[in-house]
Amino acid sequence: MDLVLNVADHYVLTPYVFPASWPEEGALRQILSLLVLTNLGAAVLYLGLGAISYFFIFDHNLMKHPQFLENQVRREIKYAMTSLPVISIPTVALFFYEVRGYSKLYDNVHDSPLGWPGLFLSMISFLLFTDMCIYWIHRFLHHRLIYKLFHKPHHVWKIPSPFASHAFHPVDGFMQGLPYHIYPFMFPLHKVLYLGLYVFVNIWTISIHDGDYRIPLAITPAINGSAHHTDHHLFFDYNYGQYFTLWDRLGGSYRHPSALLGKGPHDLIRKLQAEGKLGEDRGKGRGSKEE
């Protein structure tokens with residue numbers, strides 16, 4: 001995160017925002033700067049990537065599904081935009097420790113004992129580590145004593161749109177994002193690669209909520225895609241994983257996507273249309289407001 005902070009200091013914060021008497025390495029200034037940058041970055045990634053997915057990938061026919069809520073997209077955006085600033089508070093604390101040099105992030109490839117191969121291995125280990133952690137955190141959030149407190153709001157979206165991707169309760173959102181932040185405190189990771197993976201994580205989180213179920217058959221058994229995650233929203237106790245199906249298979253929570261068996265949301269919509277059970281207003285996304 002110090003790379004982003006340095007750029008912001010050089011081009012915006014130092015010449016235009018903070019008084020000259022505030023040194024760039026000052027703790028208060030860094031915390032305030034990180035709060036602004038974190039919130040701005042989260043909003044840009046969420047709204048920007050979400051809009052691209054919504055307008056160019058998301059199948060709007062899904063809004064005709066009986067479980068797509070009235071004004072759901074607007075409600076998803078509103079919920080996410082009220083949660084993200086709260087999530088940013090503990091996140092900024094972790095970013096602050098990174099900036100102060102307490103993590104294992106490094107600047108140059110040669111700082112890694114394995115060089116360029118280490119860069120590739122750290123990318124793979126980041127995905128495997130965070131996928132494992134998120135699986136267990138996500139499954140913990142489904143425990144009956146925890147679910148209603150924190151995770152239930154995300155499951156209001158039975159048929160999610162891309163904007164449901166970040167529509168979490170703040171505690172839920174921070175807990176599921178925590179593995180991404182603790183990895184560089186435990187393992188060496190290049191700073192530029194870390195930023196790239198951070199963007200990738202946001203893209204992936206949106207992609208598994210985008211309703212695009214076209215998965216190459218060869219990778220369907222291994223990759224947790226939108227079809228898998230839609231079944232998680234619909235059937236609750238399955239497909240907790242983030243990128244891969246490995247931990248769902250090991251934990252006995254894997255479910256082959258119903259959309260790939262001809263029993264998915266699109267299939268129900270086609271059946272209801274053929275039976276004349278979908279009114280014209282279904283396209284506006286009308287449905288039950290409760291689970």
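Heads up: numbering here begins at 1 and tracks the sequence.
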Looking at the rings of [X] and [Y], which for Trp means the six-membered one, are their centres under 6.0 Å apart?
X: Phe129; Y: Phe187; value: yes
X: Tyr147; Y: Phe236; value: yes
X: Trp204; Y: Tyr243; value: yes
X: Phe58; Y: His60; value: yes
X: Tyr102; Y: Phe185; value: no
X: His154; Y: His209; value: yes

Working for side chain to side chain contact (heavy atoms under 4.5 Å, CB included), residues Leu84 and Ser88: CA-CA 6 Å; Leu84 287 174; Ser88 75; over 6 Å; no
Distance alone, cut at 3.5 Å: any donor-acceptor contact between the side chains of [X] and [Y]?
X: Thr245; Y: Asn224; result: no
X: His266; Y: Asn61; result: no
X: Tyr183; Y: Ser125; result: yes
X: Glu24; Y: Thr14; result: yes
X: His190; Y: Asp107; result: no
X: His142; Y: His155; result: yes
X: His228; Y: His256; result: no

message: Can you tell me if Ile124 has over 12 outside heavy atoms packed within less than 6.0 Å of its CD1?
response: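 Enclosed.
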task: Any chance you could lay out the side chain to side chain contact (heavy atoms under 4.5 Å, CB included) test for Phe95 and Arg100, step after step, and finish with the verdict?
output: CA-CA 9 Å; Phe95 282 152; Arg100 302 298 267 191; over 6 Å; no
- request: Kindly indicate, with the supporting measurements, whether the criterion side chain to side chain donor-acceptor pair (under 3.5 Å) is fulfilled by Ser253 and Tyr135.
  value: CA-CA 10 Å; Ser253 55; Tyr135 173 83; 2.8 Å; yes
query: Are the charged groups of Asp9 and Arg29 less than 4.0 angstrom apart, N to O?
result: yes
Using a 3.5 Å distance criterion without hydrogens, assess whether the side chain of [X] forms a donor-acceptor pair with backbone atoms of [Y].
X: Ser83; Y: Phe168; value: yes
X: Asn39; Y: Val36; value: no
X: Ser165; Y: Pro162; value: yes
X: Asp131; Y: Leu127; value: no

query: Any side-chain heavy atom of Phe163 within less than 4.5 Å of one from Arg75?
result: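 Sidechains of Arg75 and Phe163: no contact.
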- request: I would like to know whether Gln72 and Val156 meet side chain to side chain contact (heavy atoms under 4.5 Å, CB included); could you show each step before the answer?
  value: CA-CA 10 Å; Gln72 178 173 315; Val156 168; over 6 Å; no
Stepwise side chain to side chain contact (heavy atoms under 4.5 Å, CB included) test for Lys191 and Asp2: CA-CA 9 Å; Lys191 291 180 180 179; Asp2 61 337; 2.6 Å; yes
